[in-house]
Amino acid sequence: MTALILDLTDIQDTQLAVVGGKALHLGALSNLEGIRVPEGFCVTTLCFQQALGESAVLQELLAELATLQVGDRQRIVDTSRRIRETILAAEIPAAVRKAVGEFLSHFGEDLPYAVRSSATAEDLPYASFAGQQDTYLNVIGKEAILNHIRKCWASLFTERAVIYRLQQGFHHSQVQLAVIVQRMVFPQSSGIVFTADPVTGSRKVLSIDAGFGLGEALVSGLVSADCYKVREGEIVEKIIATKQLAMYARQASGTETREVDAQLQQAQALTDDQIVELARLGRRIEAYFGCPQDIEWCVVDDSFYILQSRAITTLFPIPQAEDEENRVYVSVGHQQMMTDAIKPLGLSFFLLTTRAPMRVAGGRLFVDVTAQLASVAGQTRLLQTIGEAEPLMKDALLTVIERGFVKEVETPQRPMPVLQTPEYDPSIVAELMESRENEIQALQQRIETKTGDEVFSFILEDIKQLQASLFDPQSIGVIMAGMQAAAWINEHMEKWLGEKQAADTLSQSVPHNITSEMGLALLDVADVIRPYPEVVAYLQEVREDTFLEDLSQLEGGQEAKDAIVSYIQRYGMRCVGEIDLTRTRWAEHPAALVPMLLTNIKNFTEGASQRKFEQGREAALRKEEELLQRLRQLEDGEQKAQETKQRIDTLRHFIGYREYPKYSMIHRYFVYKQALLREAERLVQAHVIRKKEDIYELTFEELRDAVRTQTMDYDLINKRREAYRLYEKLTPPRILMSDGEMISGAYKRGNIPAGALVGLPVSAGVIEGRARVIASIEEADIEEGDILVTAFTDPSWTPVFVSIKGLVTEVGGLMTHGAVIAREYGLPAVVGVERATKVIQDGQRIRVHGTEGYIELL
């Protein structure tokens with residue numbers, strides 16, 4: 001049986017549930033040679049349970065708290081306050097009082113102590129719980145210490161701690177509190193060491209924040225701190241703050257904030273020798289725990305004491321490599337307009353599909369571009385390819401090249417090949433699409449006859465056909481023809497006529513764009529439903545995916561049901577984040593379409609689909625006539641007009657096909673998914689897994705093994721779920737280095753108004769209106785004429801585009817889906833706008849400059 005109280009040096013690494021995260025780590029460090037930790041003891045969670053477990057009032061209040069959600073703010077305030085009052089009024093059991101007294105008599109009862117909370121859900125890899133519970137400094141006397149132990153227990157139920165647990169998905173009964181009682185040390189200086197740079201993510205740069213006096217003021221943000229950066233044992237940067245205030249211990253008890261002596265306010269809080277020594281200690285602690293650490297420290301008479309160490313939970317993981325060479329990784333998510341974390345099954349399918357040298361980190365996909373950066377020719381090709389799609393990535397890669405991070409290998413200098421796109425008959429687009437549709441139809445029929453391991457073999461064979469279609473030279477050639485025509489038009493119209501982004505208007509309402517057709521088709525579904533008020537009222541109350549079952553009982557319900565079902569049969573494989581095979585599709589969650597349908601019913605009248613398409617086509621024809629007429633007035637005008645007409649025809653014939661290959665891939669993914677879910681259902685029936693969705697935590701091969709062996713490792717599934725919880729909170733970088741550094745690019749343009757947000761212009765025009773800052777389609781309450789502001793859009797957002805008049809995203813490039821559809825619908829759009837959803841407020845009036853690439857906040 002575990003003792004009620006443990007000396008820090010007696011804590012075992014298996015006792016998290018007894019001592020909490022903070023005490024667990026301090027216990028380990030107390031036994032590490034060369035590391036000083038102030039001596040003390042831990043009042044374990046057993047004491048917490050003994051003191052509070054038998055209170056009927058407390059149990060009743062905890063049951064009430066368990067029913068509350070994050071949004072129940074006032075009830076959280078009231079209930080948590082009553083819980084704290086109950087705890088503060090509770091008696092500390094005699095056995096606990098006696099044990100605390102015995103330890104104090106050993107250490108010195110009249111000495112000053114720090115009394116610090118240590119929760120069992122604290123300093124975890126996916127949730128730090130930093131600052132959620134209370135710490136008390138310079139506490140003197142047994143009764144005062146016992147009282148502050150009780151205060152620490154009560155701090156488990158502050159409003160901030162309760163809300164944090166709700167946000168992190170922790171039940172309140174899951175978390176217990178231990179309390180650390182340590183001898184006070186009275187430092188000259190104190191602060192925090194991050195053994196990886198918390199801003200750039202570099203694991204080679206150690207960052208130190210330092211100030212005078214007690215560290216509590218610095219940790220809580222009350223005072224400014226020096227910042228020192230150390231790389232491989234050398235100080236590489238020092239920022240000396242003006243340190244006007246510091247926190248010190250009072251002589252009686254408690255703490256106070258005092259003004260720092262004038263001559264010290266701009267002095268270094270640590271000497272250079274101390275900085276280097278602290279960096280060495282930080283690296284030692286990091287090596288012991290096996291991951292980058294956030295360490296609280298203080299210095300007393302030139303000796304360092306460690307007060308806390310926990311994993312840094314905000315760093316983006318580094319892809320695993322087979323060697324120690326410098327490597328550079330480019331985010332796939334930023335190119336695919338899907339920067340969310342992807343589950344293991346989804347990752348493995350993308351890895352099976354691609355031919356690029358892919359790596360996985362933080363639940364995201366990255367391409368290893370190290371080999372391309374190792375030669376001048378490779379750099380040129382990479383910059384050209386990425387620069388057209390994502391200028392921020394290009395700028396970040398230029399930074400990497402300028403630093404010489406990747407060693408160049410001497411290669412024979414060969415001239416860059418001039419890519420000649422063959423001339424295609426326009427009919428090739430319909431032929432390619434028909435061929436892919438036939439392949440998918442055959443796939444659907446054949447896969448239904450497979451079971452067990454046959455399914456996996458069949459999918460692997462079909463993925464070869466998928467790859468062949470994705471990398472088909474004709475298919476790529478058609479896409480390149482459209483893209484090159486757009487680039488030629490933009491370049492030459494600006495050169496000859498001074499007109500920017502001319503191809504944007506010319507791209508409106510082109511044929512064969514499967515994604516824009518999807519948006520217009522939902523307008524047609526709205527036309528079917530609009531005449532039936534009873535159906536519209538019913539849809540306004542829809543929450544469950546079973547709504548189609550009862551729809552036919554209403555007047556007009558059968559017509560509405562047929563229209564929705566027909567739409568789902570054509571487009572039901574799509575959803576937000578669709579490159580992740582595990583994401584719920586519209587066919588699986590048809591209620592996701594209802595908010596967009598209701599928006600269309602409200603904002604449009606019958607025939608809007610055809611009108612919108614015709615308006616776009618006429619705008620494109622007018623632009624074509626205008627450009628050709630202006631060109632004919634120039635020197636060699638007839639020739640210029642003839643060349644331009646050829647490019648316009650090429651653009652309009654082929655640019656719409658750009659969206660089809662991804663649609664075809666996603667359609668195949670959905671067929672694969674349905675087959676795998678049938679196998680998952682068999683695993684559920686055989687009691688191998690608990691629910692079908694458990695298979696999403698496995699890779700393709702792991703799932704295949706589970707089907708073969710009829711066994712499942714739930715420890716692995718639980719670990720994957722925990723990892724995913726962490727990955728969901730991380731923001732992936734555009735460019736990631738093998739030392740963990742995240743490189744950000746910047747737009748380099750002049751003539752931007754002060755205060756404007758800068759991005760990439762992808763669809764010409766200037767529009768002013770109300771910003772709707774939206775995180776997900778299902779909350780998209782759009783009025784016609786709103787400007788959509790969101791993190792990223794993929795094809796599933798297209799039905800929303802029919803209602804908006806402008807687009808702003810944080811992620812994207814010239815040829816990503818949001819940009820393509822914005823041009824097709826004639827919406828001014830700026831993408832790649834850093835932190836747009838944070839800076840722009842929902843409902844704020846903004847002006848989008850789609851031609852120049854910036855947003856004004858009005």
For [X], look at atom [atom1] and say whether over 12 heavy atoms of other residues, nucleotides or ligands are found less than 6.0 Å away.
{"X": "Glu784", "atom1": "CD", "result": "yes"}
{"X": "Gln629", "atom1": "CD", "result": "no"}
{"X": "Gln639", "atom1": "CD", "result": "no"}
{"X": "Arg355", "atom1": "CZ", "result": "yes"}

Does the pair [X]/[Y] count as a salt bridge with the N-to-O cut at 4.0 Å?
{"X": "Asp786", "Y": "Lys805", "result": "no"}
{"X": "Lys640", "Y": "Glu643", "result": "no"}
{"X": "Arg630", "Y": "Glu499", "result": "yes"}
{"X": "Lys662", "Y": "Asp794", "result": "no"}
{"X": "Arg622", "Y": "Glu625", "result": "no"}
{"X": "Glu578", "Y": "Arg583", "result": "no"}

Any salt bridge (Lys or Arg N to Asp or Glu O under 4.0 Å) pairs touching residues 597-613, not counting sequence neighbours? Lys602-Asp781, Lys602-Glu783
Flag side-chain contact, heavy atom, 4.5 Å: [X] against [Y]:
{"X": "Ile666", "Y": "Pro795", "answer": "no"}
{"X": "Ile440", "Y": "Arg668", "answer": "yes"}
{"X": "Phe613", "Y": "Ser516", "answer": "no"}
{"X": "Met493", "Y": "Thr644", "answer": "yes"}
{"X": "Met596", "Y": "Trp797", "answer": "no"}
{"X": "Leu373", "Y": "Gln379", "answer": "yes"}
{"X": "Glu824", "Y": "Ile655", "answer": "no"}
{"X": "Asp842", "Y": "Arg772", "answer": "yes"}

Atom pair [atom1] ([X]) and [atom2] ([Y]), whose distance is rounded to the nearest 0.5 Å:
{"X": "His667", "Y": "Glu437", "atom1": "NE2", "atom2": "CD", "value": "7.0 Å"}
{"X": "Glu638", "Y": "Gln633", "atom1": "CD", "atom2": "CD", "value": "11.5 Å"}
{"X": "His334", "Y": "Ile735", "atom1": "NE2", "atom2": "CD1", "value": "9.0 Å"}
{"X": "Thr339", "Y": "Leu365", "atom1": "OG1", "atom2": "CG", "value": "12.5 Å"}
{"X": "Met338", "Y": "Ser331", "atom1": "CE", "atom2": "OG", "value": "10.5 Å"}
{"X": "Tyr329", "Y": "Ile743", "atom1": "OH", "atom2": "CD1", "value": "14.0 Å"}

May I ask you to check whether Tyr657 and Ser475 show a side-chain donor-acceptor distance below 3.5 Å? yes
Write down the atom of [X], the atom of [Y], and the distance for their closest heavy-atom approach.
{"X": "Tyr567", "Y": "Ala521", "result": "CE1-CB, 3.7 Å"}
{"X": "Asp504", "Y": "Val762", "result": "OD2-O, 3.6 Å"}
{"X": "Ala771", "Y": "Ile846", "result": "CB-CD1, 3.9 Å"}
{"X": "Cys575", "Y": "Thr584", "result": "CB-O, 3.1 Å"}
{"X": "Thr809", "Y": "Met337", "result": "OG1-CE, 4.3 Å"}
{"X": "Thr837", "Y": "Thr790", "result": "CG2-C, 3.5 Å"}

Identify, with sequence neighbours excluded, every residue that meets ring-ring contact (aromatic ring centres under 6.0 Å, His included) alongside Phe366. Phe316
Using the ring of each side chain (for Trp, its six-membered ring), is Tyr672 parallel, tilted or perpendicular to Phe349, with breaks at 30° and 60°? parallel
Determine whether the aromatic ring centres of residues His849 and Tyr854 are separated by less than 6.0 angstrom. yes
By the definition side chain to side chain contact (heavy atoms under 4.5 Å, CB included), identify the one residue from Asn600, Leu597, Leu598 that meets it with Ile529. Leu597
If you apply the rule side chain to side chain contact (heavy atoms under 4.5 Å, CB included), what do you find for Val330 with Gln335, and how did you get there? CA-CA 9 Å; Val330 170; Gln335 298 168 72; 3.4 Å; yes
Applying side chain to side chain donor-acceptor pair (under 3.5 Å), can you list everything that pairs with Thr851, at least two apart in sequence or on another chain? none
